[in-house]
Every structure is written in structure tokens, then in C-alpha cells.
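Since this is a predicted model, take the numbers as computed values, not measurements.
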Amino acid sequence: MSTTSGGRPLTSMQDRLNYLFETVRPVGKPRYSVREVAEAIKRDQSFEISAAYINYICTGERENPGVQQVRALARFFGVPAAFLLGDGDPGAVARELEQLRAVVQFKEKLQAADDAMNDPGVRVIALKARGLSPSHLKLVSTMLDQVREIEGLP
């Protein structure tokens, strides 16, 4: 039985498809919606699959989808169709997807840092912080954390 790196079993197509929805996601968003996936498959693969049909697979109401549907979903998520079918080594695909997720998260952090440094106000604060002692940098960081909390920012 294959599992994710977190130990979650991937015993059914429903498990594997839901795992893909959780793991493969657009940059800056928590996950794709079934509607987004259906629209992208239609646009990019010229294959019609409804959001409802995808949802049926995700909920387990549809346990044996057609070969074309499986291939289209696999293509969209960038995995071999064998992963969705439970053939081959789904654990290896899951490990690759976990690595990909880590890379995407790292890129998002880099993009956020780049965006921040393009903000003139942030640049001024960074320049003023330059040269401060580690203890005073920690104080400034703590103050900024408190201000972010007050403004409802993460």
C-alpha cells in the first residue's frame, strides 16, 4: 500500500486524486477547484470533463472512471495515469510531489520577499535596520510582528 510522506494511505483513486488536489496547486493559492481543473482540461487538452464528474471521483461516488478521464486528470496534474490507477510506484510519485510542493513554497517565499523589497516603504525600513545589533534587530522584528497582528496580516 502506498502512502504520502506524511503516512497518509493512498489506497483508492479517490485518495490519490484528493492527494493531487492538496499537493499540486497554483502558485499563491491553496488549491485548484474542480471547476478550474475541468476548465483547464477542456482548454488545454480539448477534452470535455465536467466539474461534477471530477467531484464524483473526489467523493468516491464514481469509483471507476473512464480511461480518457483518468488520462486527462493525470495530464493536468503532471503525473502518470498509473499513479491514479494505483499501478507502478505511487509512493515515488508522492515523494516527487512533496518535493515539488516544497519548491513551490520556497518560490512563493522568494517572490514575497522580492515583492516586499520593491515596496519603497519596506526598502526604507530595511535600509534603516541595516547595521543594527542582533538584539535591536530582534526588537524591531517583534515590533513589526505586533503591528502586523494589529492590522490583521499573517
Side-chain angles (χ1 to χ4, degrees), residues 1-126 141-154:
M1 173 189 349
S2 176
T3 62
T4 64
S5 65
R8 182 174 144 206
L10 300 175
T11 56
S12 67
M13 185 175 300
Q14 174 188 0
D15 294 335
R16 290 183 289 276
L17 184 58
N18 283 317
Y19 176 73
L20 291 174
F21 269 98
E22 293 167 12
T23 307
V24 179
R25 61 182 179 80
V27 174
K29 291 177 119 181
R31 64 181 285 156
Y32 286 106
S33 71
V34 290
R35 172 172 274 151
E36 288 173 314
V37 172
E39 290 171 355
I41 289 172
K42 182 178 181 180
R43 180 188 65 241
D44 300 338
Q45 300 179 38
S46 301
F47 180 75
E48 189 85 33
I49 184 171
S50 71
Y53 191 89
I54 296 169
N55 192 56
Y56 289 148
I57 301 169
C58 289
T59 60
E61 292 179 53
R62 183 75 179 197
E63 294 179 2
N64 192 16
V67 173
Q68 291 179 317
Q69 287 82 359
V70 171
R71 285 184 180 151
L73 288 166
R75 255 186 248 120
F76 173 82
F77 285 109
V79 298
F83 174 79
L84 284 172
L85 298 170
D87 293 338
D89 185 3
V93 173
R95 286 187 296 278
E96 288 177 24
L97 289 173
E98 291 292 340
Q99 291 173 343
L100 177 63
R101 180 174 20 192
V103 169
V104 167
Q105 289 172 339
F106 180 72
K107 287 178 102 176
E108 287 175 338
K109 287 179 182 177
L110 285 178
Q111 184 62 51
D114 188 48
D115 291 347
M117 291 312 293
N118 284 326
D119 181 322
V122 172
R123 244 190 342 260
V124 166
I125 291 170
S141 179
T142 301
M143 291 169 65
L144 287 171
D145 287 342
Q146 291 173 349
V147 171
R148 291 184 67 80
E149 185 177 327
I150 290 168
E151 293 202 2
L153 297 172

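Distance CD/E36 to CZ/F76: 7.5 Å, rounded to 0.5 Å. Rounding to the nearest 0.5 angstrom, the gap separating the CZ atom in R123 from the CG atom in N118 is 6.5 Å. Of the inter-residue distances, the one linking L73 atom CG with F47 atom CZ reads 8.5 Å to the nearest 0.5 angstrom. Atom CG of L17 and atom CG of L10 lie 11.0 Å apart (nearest 0.5 Å). Here CG of D44 is found 11.0 Å from CZ of R75. Values are rounded to the nearest 0.5 Å. Remark: E61 CD to Q14 CD distance equals 9.5 Å, nearest 0.5 Å.
Side chain of T23 to backbone of L20: no donor-acceptor contact under 3.5 angstrom is found. At distances below 3.5 Å, at least one donor-acceptor pair connects side-chain atoms of R148 with backbone N or O atoms of P154.
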**Report entry** side-chain contact (heavy atoms from CB on, under 4.5 Å) between Q146 and T142, worked out
**Finding:** CA-CA 6 Å; Q146 291 173 349; T142 301; 4.1 Å; yes

**Report entry** side-chain contact (heavy atoms from CB on, under 4.5 Å) between L84 and F77, intermediate numbers included
**Finding:** CA-CA 10 Å; L84 284 172; F77 285 109; 6.0 Å; no

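Proximity of V122 to M117: side-chain heavy atoms (C-beta onward) are separated by under 4.5 Å at one or more points. When side chains are defined from C-beta on, V79 does not count as touching R16, because their heavy atoms never get closer than 4.5 Å. In this structure, the side chains of Y53 and V34 stay at 4.5 Å or more apart for every pair of heavy atoms.
The minimum heavy-atom distance linking A38 with S50 is given by the pair CB-C, 3.9 Å. Pairing each heavy atom of V70 with each of P65, the nearest pair is CG2-CG, 3.8 Å. For R25 against R31, the heavy-atom pair with the smallest separation is CB-CA, 3.9 Å.
Classification of the F83-Y19 ring pair by plane angle, with boundaries at 30° and 60°, yields tilted.
Between the side chains of D15 and S12, at least one donor N or O lies within less than 3.5 Å of an accepting N or O. Between the side chains of D115 and Q111, a donor-acceptor pair is found at a separation under 3.5 Å.
When the shell of 6.0 Å around CG of N64 is examined, it contains 12 or fewer heavy atoms from other residues, nucleotides or ligands.
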